[in-house]
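First comes the structure, then the notes that go with it.
Letters A, B, ... are given to chains in the order of the sequence lines, protein chains preceding strands, and every chain is numbered from 1.
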Amino acid sequence: MSAVEIIDPYDITAKSNNLGRRRRIQQLVSVVALLSALFAVLILALVLGTVLYKGLSQLSLDFLTKSSALFGEKGGIADALVGSAIIVAMSTLIAVPIAILVAIYIAEYAGPKAASFFRVMLDVLNGVPAIIVGIFIYGILVVGHGQSAIYGALALSILMIPMVARATQEVLELVPRHLREASLALGVPRWRTVYSIVLPTAIGGILTGVVIAVARVAGETAPLLFTSSIVTTQGVSVDVHQALATLPVRIFTLSESPSPDDQSAAWAAALILIAFVLVMNILAKYFAGRKRKSLEGI
Amino acid sequence: MRKALGLALVVATVVAIAAVVGAASAAPAKKQDTSISGAGSSFVFPLVSKWIPALGSAYGYNVSYSPIGSGGGIAAVTARTVDFGASDAPLSADQMAACKGCVQVPWALSATSTPYNLPGLNCVVRLTGPILADIYLGNTTKWNDASITKINPKCNMPDTKITPVYRSDNSGTSYNFTDYLSAVSGTWKSKYGPGVNQQWPTGVGAKGSSGVAGVISKTQGAIGYVDVAYAKANKLRFASIKNASGKFATPGLRGIKAAAATLPKKITGDGSLSIVNPKKGNPLAYPISTFTYVIVPTSSSKSAELRKMVYWAVTRGQTYGPPLLFQPLPLNVQAFAFRQIKQING
Amino acid sequence: MSTLTPDPAAPVAIERRGIRLGDLLFKGVAGVAALGVTAVLGFLTYKIFALAWPAMQKYGLSFIWTEAWNPNTNVYGALTFIYGTIVTSFIALLLATPLSIAIALFLTELAPRRLASPIATMVELLAAIPSVVLGLWGILVFGPWIANHLEPWLQSWFGFLPIFSGDPSQAGLLPAALVLTIMIIPITSAICRELFSRVPHDLTDGSLALGSTRWEAIRRVALPYAAPGISAAVLLGLGRAFGEAIAVTQVIGSGNAINRSLFPPGDTLASRIASTYQGASNNIEVQSLLYLGAILLVVSLITNVSAQAIVNRFQKARRMSTG
């Protein structure tokens, strides 16, 4: 009997002599993977938990209805809330139609080379850092004309377009071909097919993309630093030709202050921003469910 | 169903666009009071905050101010993004030229304090200019360094690391502080000189007076330079600094007044007034005092309002200063200010 | 009689013209939109370089390896910030990649179905936290914890390494790198999850049938299969880390020098632009900041296009092999 048992590697019925060790490695890996996932969850809980704990106590009607204070006073974020709402709404209005049109072109009309080219363009635009977009808008618009909420919305829309366009394009390509072919066979013109049949089928996916983009862009600070940060009116303003106060820029300014009042205000403002982002994410999940249902039914 | 959804979407879009357009065109028309916008020095922000409601009730002006730092203020008024800029650092010749017809008016007087974070210390730390320079050069790194303990015999200086804190943005307070360091330290003058920003060799940078105060309050052993109103408001303890007469002065109203008294009776030139490190013979003078300026275009659509505002600031506005440790302008400086204001005639 | 029989050609011809017009218009408008977006990308790249051009002319390429940033004497160089960008981003990548792969594996292969979905949602939510909020948490909670607990611990165990030397600090390269890690994890793990869920089951099943453990199947089959995608995911995460300005500038301390240690303050390209652009006092300073921006843009574009190229080659190879 030889000291080392020779196992025929092709004999699959033979018991491997390091199975125990391999099983233990398997368990170790499982544990490591679990811990990694729990680590990510832990960080999320830490951040959200701190924001909730420190921000909730500061939330009051006063806080939500007063505007930024002068030195030494306690103020609120009403002006920032209104400013953010206006700017995000404007950028959505600008970006969504353009993005949908681009996606339609890529998915419905472009040849394979052109489609691939534009897809790459969108992905590259998506990868441009937000601060560079801010500098770009600053360089072409703010210089000489001053800051304004409109310029801020333009900067944010440049960030939104690739996100919405990519999501829309992917959903449009998921719409089954036979739907289009049936419509065209019936004599419906191409554009009508897209408008009345393909788009409505894809609406769930499109809305998912839009809502996710809105959530992303609502928290963007860098582009607004260059286009809408020097606020020239006290109190709540809706003048879009001027710079408006915004939630992310307000949080940024408050975060560096030493006064405990300012810091609590920062937490509370962060709480509101995160709450908005969370609601948008839940909405996105709802639309994604509708998208799945509408595409499955075909 | 789909038609209804589509119709609803179109209607919603039209309504939204109408609302935005309506807001856009309506807002500029609703100006009952005059809006004046300013930006710049965070140093003067505490005082300007007191002026804003007072100007509102005196003239009905709706003044807004963004404390983005002196550098930002100069940039903003040069680009005419705002109606006036505020800076603690006087404009250089290049900046004056770039501003295309601006005048600078000294409109407040205060001091840069050096707050520190040494909890539990039972005395007020004394420092000298050369020690401050060594701290910011990175040569003196511990609070119980021989040079510090020598002048603080009654203090039990701890063995804590010194973390110098500086302004990372272009700051007039930095200008004032480095102007002082250049006056008291040959090494600093040759290596760095006065300026709104530096390639600081060591320490931690923060944006704005509130940023620096913030880092100091969070970092044990930190020391920084902040205008004294911020230090007081955030309950930071600041050091007393040895002046050229050998006395340890504090940034109070007396010390600031004594420093400003060293200016000549008739002030000429473009108004850059440096009062750091007043020479021997002024025992009360606090050596890091500074004027701060408002920068106004000589001709603009709001010349009349700006004249009134700045005139009010250098007269009635000065009475709001003392509780915030802003010393009212001495008469010679006020007279100079009047002469500068006359140039705002748009 | 001819007036009663409709001319078969006429109405259809008119309809065809109408169809063609509508299609042409629609295609035209959509095409203009696509071209317009491309034009914006091109114009953006051009404008950044155009604005930075005076500084590029003045300093040339030596700007990239000059360690200086002195607004007082107007001597500028990018080395400190390139160093800071590379160090923080690569540390973030080093920490985030194995974590992301592990998380992706957990969610696709190793987790029970009930647990996978909520945990997946929570990892996605990590991506949804705005960077300014993460920075706020970094300044007020994470930074102090790093200075008071993590850095002393690292120094006591690994203090012989120069990167853990010096005094602990709340603001510095290490807090910035850790914040970036938190930001990259959701992006990279989401892509990895997509990749692992697309690995054809017959490949891993085959491995399992031959007697491998789950981990061995993953290691020998799924990971090599997904490797190109993982490298693309890593590149995308890197691109994100390079471009992050706000959260980094809140916790990095605006340092000016290159230090061997990770503890003292430093700065990155994006962060320096964010902190000093607004107050830049003269033209050459603004242009030098834009030069930093141009470098950042080039670096971001390269990482993104590389990620794209890997994905494309990967997809092409896959399509060819599966015929």
If you compare all heavy atoms of [X] against all heavy atoms of [Y], which two are closest, and at what distance to 0.1 Å?
{"X": "Ala270(A)", "Y": "Val133(C)", "result": "CB-CG2, 3.8 Å"}
{"X": "Arg22(A)", "Y": "Ser212(C)", "result": "NH2-CA, 3.5 Å"}
{"X": "Ile131(A)", "Y": "Ala270(C)", "result": "CD1-O, 3.5 Å"}
{"X": "Ser300(C)", "Y": "Gly127(A)", "result": "CB-O, 4.0 Å"}
{"X": "Tyr105(A)", "Y": "Ala34(C)", "result": "CD2-CB, 3.9 Å"}
{"X": "Gly219(A)", "Y": "Val132(C)", "result": "O-CG1, 4.3 Å"}

Flag side-chain contact, heavy atom, 4.5 Å: [X] against [Y]:
{"X": "Leu41(C)", "Y": "Val124(A)", "answer": "yes"}
{"X": "Leu24(C)", "Y": "Trp191(A)", "answer": "no"}
{"X": "Gln250(C)", "Y": "Phe252(A)", "answer": "yes"}

Which atoms of [X] come close to chain C, meaning under 4.5 Å heavy atom to heavy atom: side chain ones, backbone ones, both, or neither?
{"X": "Ile274(A)", "answer": "side chain"}
{"X": "Val194(A)", "answer": "side chain"}
{"X": "Phe118(A)", "answer": "side chain"}
{"X": "Ala222(A)", "answer": "both"}
{"X": "Leu278(A)", "answer": "side chain"}

For Val141(C), which of Val47(A), Leu46(A), Thr50(A) qualifies under side chain to side chain contact (heavy atoms under 4.5 Å, CB included)?
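Among Val47(A), Leu46(A), Thr50(A), the one that satisfies the side chain to side chain contact (heavy atoms under 4.5 Å, CB included) with Val141(C) is Thr50(A).
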Side chain to side chain contact (heavy atoms under 4.5 Å, CB included) partner of Ile129(C), the single match among Leu44(A), Leu273(A), Val277(A):
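Among Leu44(A), Leu273(A), Val277(A), the one meeting side chain to side chain contact (heavy atoms under 4.5 Å, CB included) with Ile129(C) is Leu44(A).
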Among [options], who wins on heavy-atom pairs under 4.5 Å with chain C?
{"options": "Val133(A), Ile135(A), Val51(A)", "answer": "Ile135(A)"}
{"options": "Phe226(A), Tyr109(A), Phe117(A)", "answer": "Tyr109(A)"}
{"options": "Arg119(A), Glu108(A), Met121(A), Met280(A)", "answer": "Met121(A)"}
{"options": "Leu35(A), Ile106(A), Val128(A)", "answer": "Val128(A)"}

Apply ring pair (Phe, Tyr, Trp, His ring centres under 6.0 Å) to Trp267(A) and list each qualifying residue two or more places apart in sequence or on a separate chain.
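None.
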I'd like to check the ring pair (Phe, Tyr, Trp, His ring centres under 6.0 Å) partners of Phe242(C); sequence neighbours left out, ordered by chain and number.
none
Measure distances from [X] to the heavy atoms of chain A and classify the residue's part below 4.5 Å as side chain, backbone, both or neither.
{"X": "Phe142(C)", "result": "neither"}
{"X": "Glu124(C)", "result": "side chain"}
{"X": "Leu134(C)", "result": "side chain"}
{"X": "Leu290(C)", "result": "side chain"}

Begin from the C-alpha positions of Lys47(C) and Ile140(A) and carry the test side chain to side chain contact (heavy atoms under 4.5 Å, CB included) through to its verdict.
CA-CA 8 Å; Lys47(C) 194 66 187 178; Ile140(A) 60 170; 3.6 Å; yes
Residues which pass side-chain hydrogen bond (donor to acceptor under 3.5 Å, both in side chains) with Asp123(A), listed by chain and number, not counting sequence neighbours
Arg166(A), Gln308(C)
Can you check side chain to side chain contact (heavy atoms under 4.5 Å, CB included) on Trp215(C) and Leu28(A), steps first, answer last?
CA-CA 10 Å; Trp215(C) 163 239; Leu28(A) 182 67; over 6 Å; no
At a heavy-atom distance under 4.5 Å, which candidate from [options] has the highest pair count against chain A?
{"options": "Val305(C), Leu296(C), Val123(C)", "answer": "Leu296(C)"}
{"options": "Ala128(C), Gly293(C), Ala245(C)", "answer": "Ala128(C)"}
{"options": "Thr38(C), Val29(C), Ile218(C)", "answer": "Thr38(C)"}
{"options": "Gly243(C), Ala30(C), Gly135(C)", "answer": "Ala30(C)"}
{"options": "Leu140(C), Ile182(C), Leu301(C), Leu105(C)", "answer": "Leu140(C)"}
{"options": "Leu125(C), Leu51(C), Ile119(C)", "answer": "Leu125(C)"}

Verdict with supporting geometry, Arg219(C) and Val29(A), side chain to side chain contact (heavy atoms under 4.5 Å, CB included):
CA-CA 11 Å; Arg219(C) 182 163 63 94; Val29(A) 168; over 6 Å; no
Do Tyr277(C) and Tyr138(A) have ring centroids that are under 6.0 Å from one another?
yes
Working to the nearest 0.5 Å, report the span between OG1 of Thr213(C) and CZ of Arg23(A).
9.0 Å
Sort by residue number and list every residue of residues 154-165 of chain A having at least one heavy atom under 4.5 Å from chain C.
Ile158(A), Ile161(A)
With side chain to side chain contact (heavy atoms under 4.5 Å, CB included) as the test, would you mind laying out the steps for Ile43(A) and Ile185(C) before giving the verdict?
CA-CA 11 Å; Ile43(A) 301 281; Ile185(C) 288 178; over 6 Å; no
